[in-house]
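Remember, it's a predicted structure, so these values are computed and weren't measured experimentally.
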Amino acid sequence: MLDEVWQSGNGWAQAVEEGSRLDWSWDGVLFLGSGSSYHLAQVAAWLARRKGYGAQALPSGEVVLYPEVAGKPQSVVGISRSGETTELFKAVETLRVPALLVTTNPRVEPGQGFERVVVLDRAQEAAIVQTRSFTSALVLFLTVFLGPEATSGLPKLWEQQAPALWQRALAWPRAERYFVLGTGPAWGIAQEAALKLKETALVQVESFHTLEFRHGPMSMVDEGTAVFLLVPEEGGELERAVGGEVARLGAQVVEVAYRWNTLPLALVPFQFLAHQLATGRGLDPDQPRHLNYVVRL
């Protein structure tokens with residue numbers, strides 16, 4: 001896991017290349033994924049809607065169980081690191097619309113409902129936990145919806161900032177329970193950050209939309225709580241107000257500032273933190289218990 005995070009820059013560079021030339025009809029698109037890939041689908045759909053496209057994201061399994069909730073999408077973009085996730089292929093076969101697959105598996109070819117495949121093979125992973133595969137696919141979608149001029153510098157930024165991101169994670173608080181809060185495109189990132197800590201280090205952690213945190217979850221906050229607050233560098237007053245409130249309740253609050261095009265850099269410290277917490281608890285971050293590399297039904 002850790003070596004793969006340190007080598008994220010290669011996958012990001014490929015993602016910029018692929019995103020710059022990716023030609024797809026984005027209006028009416030349904031983004032599908034499972035687990036980490038669903039969190040990524042949520043970010044991609046948000047970016048697409050922000051550009052004016054009609055887009056939504058659903059878990060692949062939801063479409064398998066209730067295909068009618070997908071409505072009538074014009075196309076599907078499916079995300080599967082392995083290119084073998086059963087729920088995704090079942091969902092695409094059910095919907096029968098043009099479909100594009102984003103994967104890291106170079107052996108996957110068009111078929112099983114997918115007419116096109118984008119392969120980010122420089123982001124392949126051996127570890128069960130997704131790290132650079134997630135951030136590389138995130139760079140792909142950021143490139144598509146923000147333009148390559150917004151993302152072309154990310155591989156260089158990674159090389160410059162990676163050691164500092166490791167140190168940032170080392171300095172973050174260790175607590176009895178954790179919350180990760182985000183809005184907009186960072187809502188999917190918050191969910192992914194929480195999943196990394198949960199599956200890798202087996203800690204008590206939850207993610208919430210920042211402004212929803214007042215509506216019940218805040219009752220869990222005390223001196224044993226750490227709250228990570230993902231906030232945009234520009235604006236973010238409403239989000240920071242939530243941080244102020246939980247700090248007064250005793251929580252340790254960590255503000256993680258981001259710009260849309262630097263979201264991968266906001267996520268990486270959580271990947272580092274997951275590894276640090278896991279090894280500190282005597283766990284193997286490469287082989288979380290009960291989990292497999294591919295989920296097959």
Side-chain angles (χ1 to χ4, degrees), residues 5-29 31 33 36-37 39-57 74-75 77-79 81 100-104 116-124 130-165 168 182-190 192-193 230-236 239 256-271:
V5 180
W6 283 118
Q7 296 167 13
S8 295
N10 292 331
W12 295 10
Q14 184 182 28
V16 173
E17 295 169 6
E18 294 292 340
S20 299
R21 57 174 174 256
L22 179 55
D23 182 23
W24 190 254
S25 178
W26 298 106
D27 201 25
V29 66
F31 293 92
S36 292
S37 296
H39 301 155
L40 182 59
Q42 289 176 275
V43 180
W46 190 94
L47 292 168
R49 290 195 298 270
R50 188 65 176 71
K51 287 284 288 184
Y53 298 114
Q56 63 171 326
Q74 298 301 304
S75 69
V77 173
I79 307 163
R81 173 182 64 168
L100 167 74
L101 175 65
V102 178
T103 183
T104 65
R116 291 184 59 189
V117 178
V118 173
V119 178
L120 301 175
D121 56 333
R122 295 185 216 163
Q124 275 191 290
Q130 289 196 40
T131 54
R132 68 176 178 186
S133 64
F134 184 99
T135 54
S136 296
L138 175 59
V139 172
L140 175 84
F141 291 121
L142 289 169
T143 303
V144 167
F145 295 116
L146 301 182
E149 65 278 2
T151 59
S152 59
L154 281 174
K156 182 67 173 179
L157 278 176
W158 166 252
E159 297 299 330
Q160 295 170 344
Q161 297 186 20
L165 297 178
R168 181 184 302 175
T183 63
W187 168 220
I189 301 301
E192 175 62 12
L230 289 158
V231 292
E233 287 186 4
E234 296 183 6
E239 293 96 323
V256 182
Y258 67 88
R259 299 190 304 275
W260 291 355
N261 65 320
T262 62
L263 278 168
L265 294 169
L267 177 60
V268 167
F270 291 98
Q271 299 173 346

Report the distance from atom [atom1] of [X] to atom [atom2] of [Y], rounding to the nearest 0.5 Å.
X      : Y      : atom1 : atom2 : value
Ser25  : Tyr53  : OG    : OH    : 8.0 Å
Leu22  : Leu100 : CG    : CG    : 6.0 Å
Ile79  : Gln130 : CD1   : CD    : 9.5 Å
Leu120 : Arg132 : CG    : CZ    : 11.0 Å
Arg259 : Glu234 : CZ    : CD    : 8.5 Å
Thr135 : Leu40  : OG1   : CG    : 9.5 Å

Legend entry - Between Ser36 and Glu192: side-chain donor-acceptor atoms closer than 3.5 Å: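 Judged by distance alone, the side chains do pair up.
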
Legend entry - Distance-only donor-acceptor check, side chains Glu239 and Thr183, under 3.5 Å: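 Side chains of Glu239 and Thr183: pair found under 3.5 Å.
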
Legend entry - Pair Trp158 and Trp12, ring centroids less than 6.0 Å apart: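 Between Trp158 and Trp12, the centre distance is under 6.0 Å.
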
Legend entry - Close aromatic pair by centroid cut-off 6.0 Å: Trp26 and Phe145: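 Between Trp26 and Phe145, the centre distance is under 6.0 Å.
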
Legend entry - Heavy-atom closest contact (Ala15 atom, Thr143 atom, distance):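 That closest heavy-atom pairing would be O-OG1, 4.3 Å.
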
Inset, instruction - Identify the heavy atoms of Ala57 and Ala41 that sit nearest to each other, and give their distance. - result: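 Looking at all heavy atoms of both residues, the shortest contact is CB-O, 3.4 Å.
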
Legend entry - Gln160, CD: over 12 other non-hydrogen atoms inside 6.0 angstrom: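 Yes, CD of Gln160 has more than 12 neighbouring heavy atoms, counting only those of other groups under 6.0 Å.
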
Legend entry - Within 6.0 Å of CZ in Arg50, more than 12 heavy atoms from elsewhere: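 Result for CZ/Arg50: open.
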
Legend entry - Test log, rule side chain to side chain contact (heavy atoms under 4.5 Å, CB included), inputs Trp46 and Trp260: CA-CA 11 Å; Trp46 190 94; Trp260 291 355; 3.4 Å; yes

